[in-house]
There are 2 protein chains.
Amino acid sequence: MNRTSPAKRTTIYDLAELAGTSASAVSAVLNGNWKKRRISARLAEKITKLAEEQGYAVNMQASVLRRERSKIIGMIVPKYDNRYFGSIVEQFENLARERGLFPIITCTRRDPALEVEAARAMLSYQVDCLIATGATDPDRIVDLCASAGVRTINLDLPGSRAPSVISDNYGGALELTRRVLANCEREYGEKAPLLFVGGRGTDHNTMERVRGFRDAHAEAGVPVDEALVQTCGYAPEKAETVMKQLAERTSSLPRGMFVNSTISLEGVMRWIRRSGHYAERMPHLGCFDWDPFVAMLGDHIEMVRQDVPKMLEAVFGIIDSGATDITVVQIPPIVEKIG
Amino acid sequence: MNRTSPAKRTTIYDLAELAGTSASAVSAVLNGNWKKRRISARLAEKITKLAEEQGYAVNMQASVLRRERSKIIGMIVPKYDNRYFGSIVEQFENLARERGLFPIITCTRRDPALEVEAARAMLSYQVDCLIATGATDPDRIVDLCASAGVRTINLDLPGSRAPSVISDNYGGALELTRRVLANCEREYGEKAPLLFVGGRGTDHNTMERVRGFRDAHAEAGVPVDEALVQTCGYAPEKAETVMKQLAERTSSLPRGMFVNSTISLEGVMRWIRRSGHYAERMPHLGCFDWDPFVAMLGDHIEMVRQDVPKMLEAVFGIIDSGATDITVVQIPPIVEKIG
DNA sequence: CATGCTTGCTCAATCGATGAAGCAAGAATT
DNA sequence: AATTCTTGCTTCATCGATTGAGCAAGCATG
């Protein structure tokens, strides 16, 4: 209707002129502290109406430049291709917005160089706080941020220089392995070591999961077969290759496996279907991560679902409290019922 | 090491002082147009080294405020909980970064109010361009942006006031329905109408898919059963309810169905497994959207995979060319082979 | 030697919002 | 009547980067 300017944006100066007042008054009214600045309700109302009519939107760039804190909160995340990270991101946005923070997220594809670059970009945008999710080198990012006076919190993978919120990987893996071992024993009447496939041997989560895997074997009195501990990376192709090579090397494939993430499971399942191995009898699987369709793949799969809501509550608990002590909060994951 | 300031950020003025030069020279060097501004290579090098040592990062707020264009590109997206939107977001980030643009993304949970709010927030952050993905009311967003002089492109769902890039929903649905009809006929020896479940009856994509669904039925000489066209929304629970009510009302459930998104499929599959219907014989399914695990659910499911890379190339093609004519680009989806 | 061109910088205004300080007019107090 | 207080504003410097305009020194040309 009253589109006076087709291209140029309305500023507080425009509104001030229209209202016959000063930019400072307009600013005070629009950012809500007009009472403190003793602007009359009459003028406040007038300005508010005008702003609405003109479709005014603050220039956050200008506002942030001037203010002490930006109220922007950043997150880096490895991938968007699974439910775990998807829900982390969605929940992060919700909780950030609840607190009046503006969330910006960037995906770093598990690439350390990209992680650093992304963190740098976020610093340029003056984030008040950065959540490093599943970062390969969290401490590097913490250092970068620290030198700009920006807080960091590690999520999913812990670091040594900032508070971290992670799953209880050991506990989850222990229980998951127990179940798969039990399922195998129930079906085959004898105990046998499982395959561990997926994840990076160097990352904390994978190491903890392997530890749980080993301890569950020990508990059951089953020796771990070292050739069957394959931390080959998360990518489906990597897991697929492991399976292929395993089938070439050995005559009898394991009857059960611990698959470290749905991403790796994708590769494992693809190989199982394509190769025709396990055609008569599916192996018992345990997957560390949850996906609704995996849950429907059959009753031979157990899953551990990381408790994303609790994890993000913990993250924002740390942010809200302003705590900076370097702790690792471990959130117990949920072991899903089969089927 | 040389962390002179533990909290305060380094600015070009700090660097200028350290280098014994002016802020303007520093700025010119750091944003790359020092040649144009006739700064000597010697000074450029000195400043670059200093900036690196000090861990300098531009203040984008200040930079954007001054510049004509922000080089920030926004995207709103309904959800992060499926592979389709996940890959859209990931691909969007990649292509944006390739072009030196800074992507910001926000998830609006299919909530029209949130969509508008999110768009407004993006305008405040001075985005140069906004991609509205799967927006319930794209035209509203376009208007909002237009009044701030910001371009918009609709993705996934078309609008009437900005260029749109969408899948060929009709074509995809036609082919998908054909296949499911054929699969049913092959198994049962006779033709029968399919169930259509999921999606919003009011959205363009769903309408087009229903049209394809109808035309495939017509082609096959099968009358569509109007009671079996259930555009109940995308949420799993909605689809589940449809199935339950259907089972209560009729004695014989359809032998095949067209499920409008993996999200709806989640509900359908859940019901199938829990209710015990279809226990002896799974229905033939066609799912409009792809998921790797759905592909493994069995050979009774056909999937249409929307061509995300092509769609986003089209989006950036429009952005790069600066075209503003209101066209609808339709990208043919990929009909996945079964199994 | 005067003039003009090139090189290599610096100066200062600017983007839009914010908020401390200040000012004028009226109300209240002594 | 003189003083202080309150109310309701306005003025102006500031945040950090960018960029048009300008300036001084060196060199070349006539």
**Request:** For side-chain contact (heavy atoms from CB on, under 4.5 Å), just list the numbers for Glu90(B) and Lys79(A), CA-CA rounded to whole Å, side-chain angles, deciding distance to a tenth of an Å, and then say yes or no.
**Result:** CA-CA 8 Å; Glu90(B) 199 163 323; Lys79(A) 293 286 273 174; 2.7 Å; yes
What's the [atom1]-[atom2] distance between [X] and [N], to the nearest Å?
X: Leu43(A); N: dC9(D); atom1: CG; atom2: P; answer: 5 Å
X: Asp14(B); N: dC15(D); atom1: CG; atom2: P; answer: 11 Å
X: Ile12(B); N: dT10(C); atom1: CD1; atom2: C1'; answer: 13 Å
X: Leu123(B); N: dA17(C); atom1: CG; atom2: P; answer: 14 Å
X: Glu68(B); N: dA17(D); atom1: CD; atom2: C1'; answer: 15 Å
X: Glu17(A); N: dG16(C); atom1: CD; atom2: C1'; answer: 15 Å
X: Ile47(B); N: dC9(C); atom1: CD1; atom2: P; answer: 8 Å
X: Gln61(A); N: dC15(D); atom1: CD; atom2: C1'; answer: 13 Å

**Prompt:** So Met122(A) and Val150(A), side-chain contact (heavy atoms from CB on, under 4.5 Å) or not? Walk me through it.
**Reply:** CA-CA 10 Å; Met122(A) 300 229 156; Val150(A) 170; over 6 Å; no
Donor-acceptor pair between [X] and [Y] side chains, under 3.5 angstrom:
X: Asp203(A); Y: Tyr234(A); answer: yes
X: Gln54(B); Y: Thr10(B); answer: no
X: Thr136(B); Y: Glu115(B); answer: yes

**Request:** Please step through ring pair (Phe, Tyr, Trp, His ring centres under 6.0 Å) for the pair Tyr125(A) and Phe102(B), ending with a clear verdict.
**Result:** CA-CA 10 Å; Tyr125(A) 283 95; Phe102(B) 187 78; 4.1 Å; yes
**Asked** Any donor-acceptor pair under 3.5 Å linking the side chain of Arg151(B) with the backbone of Ala323(B)?
**Response** yes
**Prompt:** Would you find a donor on one side and an acceptor on the other, under 3.5 Å apart, between the side chain of Asp325(B) and the backbone of Thr327(B)?
**Reply:** no
**Asked** Of all of residues 26-36 of chain A, which get a heavy atom below 4.0 angstrom from DNA chain D, listed by number?
**Response**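 Hits under 4.0 Å, by residue number: none.
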Under-3.5 Å N/O pairs linking protein and nucleotides 26-28 of chain C:
none

**Under 4.0 angstrom between Tyr56(A) side-chain N/O and dA17(C) OP1 or OP2** =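 It does, given that an N or O in the side chain of Tyr56(A) lies less than 4.0 Å from OP1 or OP2 of dA17(C).
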**Asked** Are OP1 or OP2 of dC9(C) and a side-chain N or O of Ser40(B) less than 4.0 angstrom apart?
**Response**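 Answer is yes, contact under 4.0 Å.
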**Message:** For Ile105(A) and Glu93(A): C-alpha separation, side-chain torsions, deciding distance, then whether side-chain contact (heavy atoms from CB on, under 4.5 Å) applies.
**Reply:** CA-CA 9 Å; Ile105(A) 301 156; Glu93(A) 283 195 11; 3.4 Å; yes
**Item:** Lys/Arg N to Asp/Glu carboxylate O, Lys310(A) vs Asp307(A), below 4.0 Å
**Value:** yes
Pairs: protein N or O with nucleotides 11-15 of chain C N or O, under 3.5 Å:
from	atom 1	to	atom 2	distance (Å)
dC11(C)	N4	Ser24(B)	OG	3.1
dT14(C)	O2	Arg66(B)	NE	2.9
dT14(C)	O2	Arg66(B)	NH1	3.3

**Request:** Would you indicate whether Arg140(A), at its atom CZ, is surrounded by more than 12 heavy atoms from other residues, nucleotides or ligands within a distance under 6.0 Å?
**Result:** no
